[in-house]
Trainee: 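Have a look at the structure that comes next, please.
A quick note: this is a predicted structure, and the numbers were derived from the prediction, not measured.
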Amino acid sequence: MKIFQTFGFFVAIAFLAGAYILTRELKRYEQQGLLKGIPEKVVVGLPASQGEIIGNAVVGFIIGYKILGIFFQWDTASQDLQSFVFSSQGSVFAGIIVAAAMAGYKYYSKKKQALPKPVEQTVMVMPHHRVPDIIVMAAIAGLLGAKIFHNLENWNDFVQDPVGALLSFSGLTFYGGLIVAAIVIISYARKKQFNIRALIDSAAPALMLAYAIGRMGCHFSGDGDWGIYNSAYSVDTNTGRTVKMAPAAFTDAVQKNAAFFQQQYPSADKIPHAAFEKPAALGFMPDWLFAYGYPHNVIKEGVQIAGCDGQYCKVLPVAVYPTPLYEIIVCLGLFLVLWGVRKKVRIPGVIFGIYLILNGVERFFIEKIRVDTRYDIFGFHPTQAEIISSLLVIGGIILISIYRKNNSTTNKLSR
């Protein structure tokens with residue numbers, strides 16, 4: 001049993017890392033004068049409002065009911081933590097205690113700071129002060145967008161189990177999250193009078209780093225975002241380890257595990273695979289860098305691992321290309337590229353254009369060995385990610401061209 005959900009852990013780390021990088025970049029642009037704060041009026045010395053007390057009580061009840069409920073009902077929760085969290089099970093007693101504690105804390109902390117006569121003050125709110133709001137919006141909008149785009153791409157699976165598809169932590173489409181989150185955040189930024197070009201430049205390195213860390217969650221949890229089968233490797237179901245096999249033996253491996261493959265593909269000739277054996281010159285590298293069976297994967301896909309007892313006891317019978325691992329390596333490298341050039345590029349908006357191109361190119365090529373639903377468009381069969389990544393590359397080129405042209409025109413007019 002995975003006490004700490006691997007995917008969720010890395011997603012949380014991705015958001016924290018992204019928030020740190022975004023904050024640093026926003027402060028840098030503020031120092032350059034490209035981002036400025038706006039004055040906002042706040043009232044100091046007010047007692048806690050009824051809404052604040054009720055809000056704290058509700059949050060406290062949820063925390064007590066679920067989080068403490070896990071410990072009070074450990075025998076049940078430990079069997080399937082994720083199902084327990086999304087069920088109606090929990091501890092009412094713990095919920096009431098924590099709700100009362102948090103409501104009381106809010107009441108007394110505000111009472112201690114209350115003034116006989118509340119004072120209205122004007123404070124300057126800088127863009128980097130708004131990072132917590134941006135991150136929360138990105139998390140909510142990103143999750144909704146990722147779910148919407150994934151279910152549109154896998155409509156048949158969604159129709160069969162809509163509730164399970166919506167509540168599951170697996171099945172998230174990155175580009176869906178990126179698009180919806182971008183719309184929400186840019187709308188928010190316009191209301192707060194941000195320089196949008198400086199904002200998106202600030203976000204570019206943060207997005208690349210967050211994506212790389214998020215892919216760590218995909219890889220280590222085994223959430224299904226892997227590649228096609230590498231027919232040069234099978235998997236030892238006793239240990240879960242990758243084992244070399246002759247490419248011709250792929251058919252035998254499929255027949256041996258016919259029950260698994262028949263559930264996944266209508267016929268053997270529809271199984272996506274490509275043989276690539278580790279080159280002799282790279283003999284020092286581990287086999288799992290080229291092919292991996294994702295033992296104990298979180299989506300419980302594959303065949304039973306011998307001697308394993310529990311929920312996560314499946315391993316793929318034939319190893320696949322570990323595409324999340326490739327994206328981790330490449331995107332960390334691309335983050336360093338963006339981090340290295342960010343101070344050298346003087347035209348606002350160009351850094352984000354470079355990010356779009358790098359991101360689009362990386363994802364377009366990784367799709368060539370990934371397992372994804374393909375569309376039929378005028379004889380072409382692209383995946384959703386290939387379509388969007390192509391649009392990102394085109395969009396990045398257009399952005400850079402427009403911003404460079406505008407900058408050149410501005411410089412001529414200022415002479």
Trainee: For the residue pair His219 and Phe10, is the inter-centroid distance of their aromatic rings smaller than 6.0 Å?
Mentor: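 So the answer is no for these two rings.
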
Trainee: Apply the test side chain to side chain contact (heavy atoms under 4.5 Å, CB included) to residues Leu26 and Leu199: give CA-CA distance (whole Å), side-chain angles for both, the deciding distance (0.1 Å), then the verdict.
Mentor: CA-CA 7 Å; Leu26 289 176; Leu199 172 64; 4.1 Å; yes

Trainee: How many angstroms lie between CD in Glu301 and CG in Leu316, if you round to the nearest 0.5 Å?
Mentor: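 The CG atom of Leu316 is 6.0 Å from CD of Glu301, to the nearest 0.5 Å.
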
Trainee: If we ignore hydrogens and angles and just use 3.5 Å, is the side chain of Asn230 paired with the main-chain N or O of Phe276 as donor and acceptor?
Mentor: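 Such a contact is found between Asn230 side chain and Phe276 backbone.
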
Trainee: For Phe352, is the NZ or CZ atom of Arg197 found under 6.0 angstrom from the centre of its six-membered ring and inside 45 degrees of the ring axis?
Mentor: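 Here Arg197 fails the 6.0 Å and 45° test against Phe352.
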
Trainee: Centres of the Tyr229 and Phe261 rings: under 6.0 Å?
Mentor: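 Aromatic pair counts; centres sit under 6.0 Å.
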
Trainee: Run the numbers on Ser401 and Ile397 for side chain to side chain contact (heavy atoms under 4.5 Å, CB included), then give the verdict.
Mentor: CA-CA 6 Å; Ser401 299; Ile397 293 172; 4.3 Å; yes

Trainee: Begin from the C-alpha positions of Lys27 and Glu30 and carry the test salt bridge (charged side-chain N to carboxylate O under 4.0 Å, His left out) through to its verdict.
Mentor: CA-CA 5 Å; Lys27 287 182 177 179; Glu30 288 167 7; over 6 Å; no

Trainee: Hey, does the side chain of Asn297 reach the backbone of Asp223 with a donor-acceptor pair shorter than 3.5 angstrom?
Mentor: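 No; judged by distance alone, with no hydrogens or angles, the pair does not exist.
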
Trainee: Can you name the closest pair of heavy atoms from Pro348 and Leu34 and give their distance?
Mentor: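 So the two residues come closest at CG-CD1, 4.5 Å.
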
Trainee: For the side chain of Lys66 and the backbone of Gln89, is there at least one donor-acceptor N/O pair under 3.5 Å apart?
Mentor: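 Indeed, once roles are kept as given, a pair shorter than 3.5 Å links the two residues.
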
Trainee: Please step through side chain to side chain donor-acceptor pair (under 3.5 Å) for the pair Tyr211 and Glu327, ending with a clear verdict.
Mentor: CA-CA 9 Å; Tyr211 182 70; Glu327 289 201 275; 2.7 Å; yes

Trainee: Does the plane of the ring in Tyr65 sit parallel, tilted or perpendicular to the ring in Phe61? Use 30° and 60° as the thresholds.
Mentor: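 Tyr65 vs Phe61 ring planes: parallel.
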
Trainee: Would you give the length of the straight line joining atom CG of Leu338 to atom CG of Leu207, rounded to the nearest 0.5 angstrom?
Mentor: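 Those atoms lie 9.5 Å apart.
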
Trainee: Between Trp226 and Tyr294, is the gap from one ring center to the other below 6.0 Å?
Mentor: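 Aromatic pair counts; centres sit under 6.0 Å.
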
Trainee: If we ignore hydrogens and angles and just use 3.5 Å, is the side chain of Glu52 paired with the main-chain N or O of Ser49 as donor and acceptor?
Mentor: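 Yes; judged by distance alone, with no hydrogens or angles, the pair exists.
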
Trainee: Between Glu386 and Arg363, does any NZ, NE, NH1 or NH2 come within less than 4.0 Å of an OD or OE carboxylate oxygen?
Mentor: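 Looking at Arg363 and Glu386, the cut-off is not met.
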
Trainee: Restricting to non-hydrogen atoms, name the atom on Pro127 and the atom on Leu35 that form the minimum distance, rounded to 0.1 Å.
Mentor: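 Residues Pro127 and Leu35, closest heavy atoms: CG-CB, 3.9 Å.
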
Trainee: Where do Ile196 and Arg190 land on the side chain to side chain contact (heavy atoms under 4.5 Å, CB included) test, with the steps shown first?
Mentor: CA-CA 7 Å; Ile196 300 300; Arg190 288 188 184 281; 4.0 Å; yes

Trainee: Examine distances only and state if a side-chain atom of Thr237 and a backbone atom of Ile305 form a donor-acceptor pair shorter than 3.5 Å.
Mentor: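 No; judged by distance alone, with no hydrogens or angles, the pair does not exist.
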
Trainee: Quick one: pull up CG in Leu399 and OH in Tyr403 and give me the separation to the nearest 0.5 Å.
Mentor: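 So the gap between those two atoms works out to 5.0 Å.
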
Trainee: If you measure only the distance, is there a donor-acceptor pair under 3.5 Å linking the side chains of Asp269 and Ser267?
Mentor: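 Ser267 and Asp269 do have a side-chain donor-acceptor pair below 3.5 Å.
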
Trainee: Passes side chain to side chain contact (heavy atoms under 4.5 Å, CB included), Ile63 versus Met102? Steps please.
Mentor: CA-CA 10 Å; Ile63 292 173; Met102 289 188 65; 4.2 Å; yes

Trainee: Would a distance-only check, ignoring hydrogens and angles, find a side-chain to backbone donor-acceptor pair under 3.5 Å from Lys111 to Ala48?
Mentor: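 Side chain of Lys111 to backbone of Ala48: no pair is present.
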
Trainee: Evaluate the criterion salt bridge (charged side-chain N to carboxylate O under 4.0 Å, His left out) for residue pair Arg342 and Asp201; output intermediate values, then yes/no.
Mentor: CA-CA 8 Å; Arg342 76 194 197 287; Asp201 275 353; over 6 Å; no

Trainee: Determine, step by step, whether Arg215 and Asp225 satisfy the salt bridge (charged side-chain N to carboxylate O under 4.0 Å, His left out) criterion, reporting the C-alpha distance in whole Å, the side-chain angles of both residues, the deciding distance to 0.1 Å, and the verdict.
Mentor: CA-CA 9 Å; Arg215 277 298 185 216; Asp225 286 332; 3.3 Å; yes

Trainee: Please give me the minimum heavy-atom distance between Ile351 and Ala204, naming the atom from each residue.
Mentor: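 Ile351 and Ala204 have their closest heavy atoms at CG2-CB, 3.8 Å.
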
Trainee: Give a yes or no answer on whether the side chain of Asp236 reaches the backbone of Gly240 with a donor-acceptor pair at less than 3.5 Å.
Mentor: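 Absent.
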
Trainee: Just verifying a value: how many Å separate Phe194 CZ and Ile200 CD1, rounded to the nearest 0.5 Å?
Mentor: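 It comes to 13.0 Å.
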
Trainee: Closer than 3.5 angstrom, by distance alone: can the side chain of Ser231 be matched with the main-chain N or O of Ala275 as a donor-acceptor pair?
Mentor: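 Present.
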
Trainee: Would you say that more than 12 heavy atoms from the other residues, nucleotides or ligands in this model lie under 6.0 Å from the OH of Tyr265, or not?
Mentor: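 More than 12 heavy atoms, drawn from other residues, nucleotides or ligands, come within 6.0 Å of this atom.
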
Trainee: What is the minimum heavy-atom distance between Ala253 and Val318, and which atoms define it?
Mentor: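 Minimum heavy-atom separation between Ala253 and Val318: CB-CG2, 3.9 Å.
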
Trainee: Between Ala306 and Asn238, what is the shortest heavy-atom contact and its length?
Mentor: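 Closest pair (atom of Ala306, atom of Asn238, distance): CB-OD1, 3.1 Å.
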
Trainee: Charged N to carboxylate O under 4.0 angstrom, Lys368 versus Glu362?
Mentor: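 So Lys368 does not pair with Glu362 through a salt bridge.
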
Trainee: Would you check if the side chain of Tyr326 reaches a backbone N or O of Tyr321 as a donor-acceptor pair within less than 3.5 Å?
Mentor: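 A pair under 3.5 Å: no.
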
Trainee: For the NE2 atom of His128 and the CD1 atom of Ile134, what is their distance to the nearest 0.5 Å?
Mentor: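 It is 11.5 Å, given to the nearest 0.5 Å.
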
Trainee: If I compare all heavy atoms of His273 with all of Ile271, which pair ends up nearest, and what's the gap?
Mentor: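 Smallest interatomic distance, heavy atoms only, reads CD2-O, 3.2 Å.
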
